[in-house]
Peer 1: 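This is the structure, below, for whatever I ask next.
Computed from a predicted structure; not experimentally measured. Chain letters run A, B, ... following the sequence lines, proteins first, then strands; residues in each count from 1.
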There are 2 protein chains.
Amino acid sequence: MSIERVRRRRRTPEEARQEALVCARARLLAGGPDSVTLKAVADDLGMTHANLIHHFGSAEGLQSALMGSMVADLSNALDTAIARLRTDDGAPLELVNAVFDAFAEGGAGKLAAWIVLKGDLSHLEPVRAAVNGLVHAIQDKLGDPSEASQIRLSSAVLFIALSAFGEALIGEPLRDMLDQDEDASRRVVAGLLPYFVARSER
Amino acid sequence: MSIERVRRRRRTPEEARQEALVCARARLLAGGPDSVTLKAVADDLGMTHANLIHHFGSAEGLQSALMGSMVADLSNALDTAIARLRTDDGAPLELVNAVFDAFAEGGAGKLAAWIVLKGDLSHLEPVRAAVNGLVHAIQDKLGDPSEASQIRLSSAVLFIALSAFGEALIGEPLRDMLDQDEDASRRVVAGLLPYFVARSER
DNA sequence: CGCTCTATTGACATTGCTGTTAGTTACATC
DNA sequence: GATGTAACTAACAGCAATGTCAATAGAGCG
């Protein structure tokens with residue numbers, strides 16, 4: 001019986017951080033904020049929690065990096081939607097789907113809820129640019145650079161974002177209560193969109 | 001120098017639970033879920049955490065009771081909105097305001113986010129009746145008992161609830177990003193409401 | 001007043017998470 | 001192959017939250 005010597009894996013700092021963030025995100029989405037602890041993430045990765053502290057400085061450092069990573073993903077998803085909006089001739093449903101997907105699939109909905117509950121609103125700041133970009137992209141597409149249209153489109157984006165966020169978090173139980181199918185929220189929001197460009201906001 | 005003997009206050013079980021729940025709710029809204037601990041709540045009330053365990057059984061018992069209390073309040077707020085809808089001739093803005101207030105003031109928004117992040121969806125169950133009551137109340141008011149109208153109104157309620165929930169959580173930062181005033185969300189939602197009764201959902 | 005019931009306390013044990021430190025090992029470079 | 005850097009580990013200490021238990025004391029009741 002020979003002594004099994006476990007071969008130790010050595011990652012680059014970037015690899016280590018990346019793997020940890022992927023794992024931490026999965027934990028956040030599956031088990032909530034309380035399940036993303038140093039020990040839990042370290043165990044998942046087959047390392048010790050001390051090593052995570054080595055890479056992120058502290059537990060708060062890991063959480064902060066996770067927020068940053070997820071916010072960046074949300075930002076990128078919105079930017080992609082903007083780019084497609086500027087080039088393709090996507091229907092309004094396309095845009096709505098893009099925003100809803102960004103909040104649902106990337107876990108941005110749960111992320112934002114976590115941030116708000118903790119009170120760290122500053123982490124949401126990088127989203128500002130993307131959100132405003134969305135307004136301008138729609139404005140350019142419609143070819144109406146007036147001040148009035150910007151205000152109107154801002155409220156449209158506000159409306160889409162609120163709905164997408166809500167759907168990502170409480171959509172499933174709420175739709176279940178109301179006997180609505182899985183696509184109901186997107187359909188409703190997309191259906192209401194034309195009224196924003198047609199009429200002036202009261 | 002006489003020995004100061006601290007006079008011990010003795011509450012009825014109902015008083016104790018009530019005070020604890022009020023305090024726990026304030027903590028949840030101000031500092032997030034992590035700030036509602038046995039010790040913190042007990043300190044606020046001038047008692048020991050052991051006494052809280054005596055009344056609620058465990059920390060989880062306190063959290064569960066808090067969720068129950070807040071869900072009940074949300075349910076009542078919705079019922080009040082329903083009652084007013086059945087008697088008064090409230091404008092659509094009234095209804096929207098009632099739902100938005102229910103999510104914002106009572107803290108139902110943060111509560112729901114907390115429940116979803118923890119994964120305890122069962123706690124939301126008592127809301128089902130109120131939500132469905134809302135659909136039927138609107139339907140009665142419009143005097144159209146058809147199946148089609150119910151489906152349409154369900155999607156309207158879904159849409160209002162998602163928006164109200166979103167506004168309660170990320171409304172403030174999002175409106176700030178978009179240069180929208182405090183009432184923007186309510187105004188937009190109320191403005192879109194007429195389109196639900198007028199047209200058939202695509 | 002004496003008695004009972006139980007809300008309440010204080011002290012202790014336990015557990016899980018965070019953070020520190022000294023030492024170990026993988027890997028790149030010479 | 002020798003060497004240095006730093007990724008990594010093991011063991012420990014500290015802390016905060018939860019939970020247990022025996023003892024205390026407020027309030028109603030005879």
Side-chain angles (χ1 to χ4, degrees), chain A residues 2-28 30-67 114 117-120, chain B residues 2-28 30-67 114 117-120:
Chain A
S2 68
I3 297 179
E4 289 292 335
R5 182 163 295 280
V6 181
R7 199 179 150 75
R8 190 189 281 190
R9 175 170 166 211
R10 187 188 177 96
R11 293 155 257 238
T12 69
E14 295 75 39
E15 278 172 349
R17 287 179 62 95
Q18 195 54 35
E19 289 182 25
L21 289 179
V22 167
C23 175
R25 174 184 306 211
R27 286 203 149 268
L28 172 66
D34 291 346
S35 72
V36 39
T37 68
L38 293 178
K39 180 164 187 345
V41 173
D43 284 353
D44 288 350
L45 296 178
M47 60 172 61
T48 60
H49 80 277
N51 198 23
L52 282 180
I53 294 183
H54 170 69
H55 285 295
F56 291 95
S58 66
E60 196 182 336
L62 170 61
Q63 294 169 11
S64 192
L66 176 58
M67 290 184 186
W114 180 34
L117 284 182
K118 290 208 75 163
D120 293 354
Chain B
S2 66
I3 298 178
E4 289 291 334
R5 181 164 294 279
V6 180
R7 204 179 148 74
R8 192 189 278 192
R9 175 172 166 210
R10 188 188 176 96
R11 293 155 259 235
T12 68
E14 295 76 40
E15 278 173 350
R17 285 179 63 96
Q18 194 53 35
E19 288 181 25
L21 289 178
V22 167
C23 174
R25 174 184 306 210
R27 285 202 150 268
L28 172 65
D34 292 347
S35 71
V36 40
T37 69
L38 292 178
K39 179 161 187 348
V41 173
D43 284 353
D44 288 350
L45 296 178
M47 59 171 65
T48 59
H49 80 277
N51 198 21
L52 282 180
I53 295 183
H54 170 70
H55 285 296
F56 291 96
S58 67
E60 195 182 338
L62 170 62
Q63 293 169 10
S64 191
L66 175 58
M67 290 183 186
W114 180 33
L117 285 182
K118 290 208 74 163
D120 294 355

Peer 1: Rounded to the nearest 0.5 Å, how far apart are CE of A:Met67 and CG of A:Leu62?
Peer 2: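 Between A:Met67 CE and A:Leu62 CG, I get 10.0 Å after rounding to 0.5 Å.
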Peer 1: With nearest nucleotide decided by heavy atoms, which residue, B:Ile53 or B:Arg9, maps closer to the 5′ end of DNA chain D?
Peer 2: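 It is B:Ile53, whose closest nucleotide lies nearer the 5' terminus.
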Peer 1: Pull out every residue in residues 57-64 of chain B that has a heavy atom closer than 4.0 Å to any atom of DNA chain D, ordered by number, or say none.
Peer 2: B:Ser58, B:Ala59
Peer 1: How long is the span from the CD atom in B:Glu19 to the CG atom in B:Leu52, to the nearest 0.5 Å?
Peer 2: 10.5 Å
Peer 1: Report the distance from atom CZ of A:Phe56 to atom P of C:dC17, rounded to the nearest whole Å.
Peer 2: 18 Å
Peer 1: Looking at residues 41-50 of chain B, who's got a heavy atom less than 4.0 Å off DNA chain C?
Peer 2: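 Listed by number, they are B:Gly46, B:Met47, B:Thr48, B:Ala50.
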Peer 1: Drop me the distance from A:Glu15's CD to A:Arg10's CZ, to the nearest 0.5 angstrom.
Peer 2: 11.5 Å
Peer 1: Calculate the interatomic distance between A:Asp34 atom CG and D:dT18 atom P; express it in whole Å.
Peer 2: 11 Å
Peer 1: Considering only heavy atoms and no angle criterion, is a donor-acceptor pair shorter than 3.5 Å present between the side chain of A:Arg8 and the base of D:dT9?
Peer 2: no
Peer 1: What contact category does A:Leu38 fall into here, base, sugar-phosphate, or nothing, at under 4.0 angstrom with non-hydrogen atoms?
Peer 2: sugar-phosphate
Peer 1: Please check the phosphate of D:dC8 (OP1 and OP2 only) for any side-chain N or O of A:Arg11 closer than 4.0 Å.
Peer 2: yes
Peer 1: Go through the steps to decide whether A:Leu117 and B:Asp34 satisfy the test side-chain contact (heavy atoms from CB on, under 4.5 Å), and finish with yes or no.
Peer 2: CA-CA 9 Å; A:Leu117 284 182; B:Asp34 292 347; over 6 Å; no
Peer 1: Is there side-chain contact between B:Val41 and B:Phe56, with heavy atoms separated by less than 4.5 Å?
Peer 2: no
Peer 1: Rounded to the nearest 0.5 Å, how far apart are CG of B:Leu38 and CD of B:Gln63?
Peer 2: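 One finds 8.0 Å between CG of B:Leu38 and CD of B:Gln63.
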Peer 1: Find the distance between CZ (A:Arg25) and CG (A:Leu28) and round it off to the nearest 0.5 Å.
Peer 2: 9.0 Å
Peer 1: To the nearest Å, give me how far apart NZ (A:Lys39) and P (D:dG14) are.
Peer 2: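 Rounding to the nearest Å, NZ of A:Lys39 and P of D:dG14 are 21 Å apart.
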Peer 1: Quick check for you: among D:dA6, D:dT9, C:dT6, whose closest atom lies nearest to any side-chain atom of A:Arg10?
Peer 2: D:dA6
Peer 1: Taking atom C1' of D:dA11 as reference, at what distance in whole Å does atom CG of A:Asn51 sit?
Peer 2: 16 Å
Peer 1: Looking only at side-chain N and O atoms, does B:Arg7 come under 4.0 Å of OP1 or OP2 in D:dA27?
Peer 2: yes
Peer 1: Verify the contact: side-chain N or O of A:His55 to OP1 or OP2 of D:dC8, cut-off strictly under 4.0 Å; return yes or no.
Peer 2: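 Indeed, a polar side-chain atom of A:His55 lies that close.
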Peer 1: In Å and rounded to the nearest 0.5 Å, what is the OG1 to NZ distance from B:Thr37 to B:Lys39?
Peer 2: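 Separation between the atoms: 8.0 Å.
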Peer 1: Please report, rounded to the nearest Å, how far the C1' atom of D:dC8 is from the CZ atom of A:Arg17.
Peer 2: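 The answer, rounded to whole Å, is 17 Å.
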Peer 1: Using whole Å, what does the distance between atom C1' of nucleotide D:dG19 and atom NE2 of B:His54 come to?
Peer 2: 15 Å
Peer 1: Applying side chain to side chain donor-acceptor pair (under 3.5 Å), which residue pairs with at least one partner in residues 46-58 of chain B are found, sequence neighbours left out?
Peer 2: none
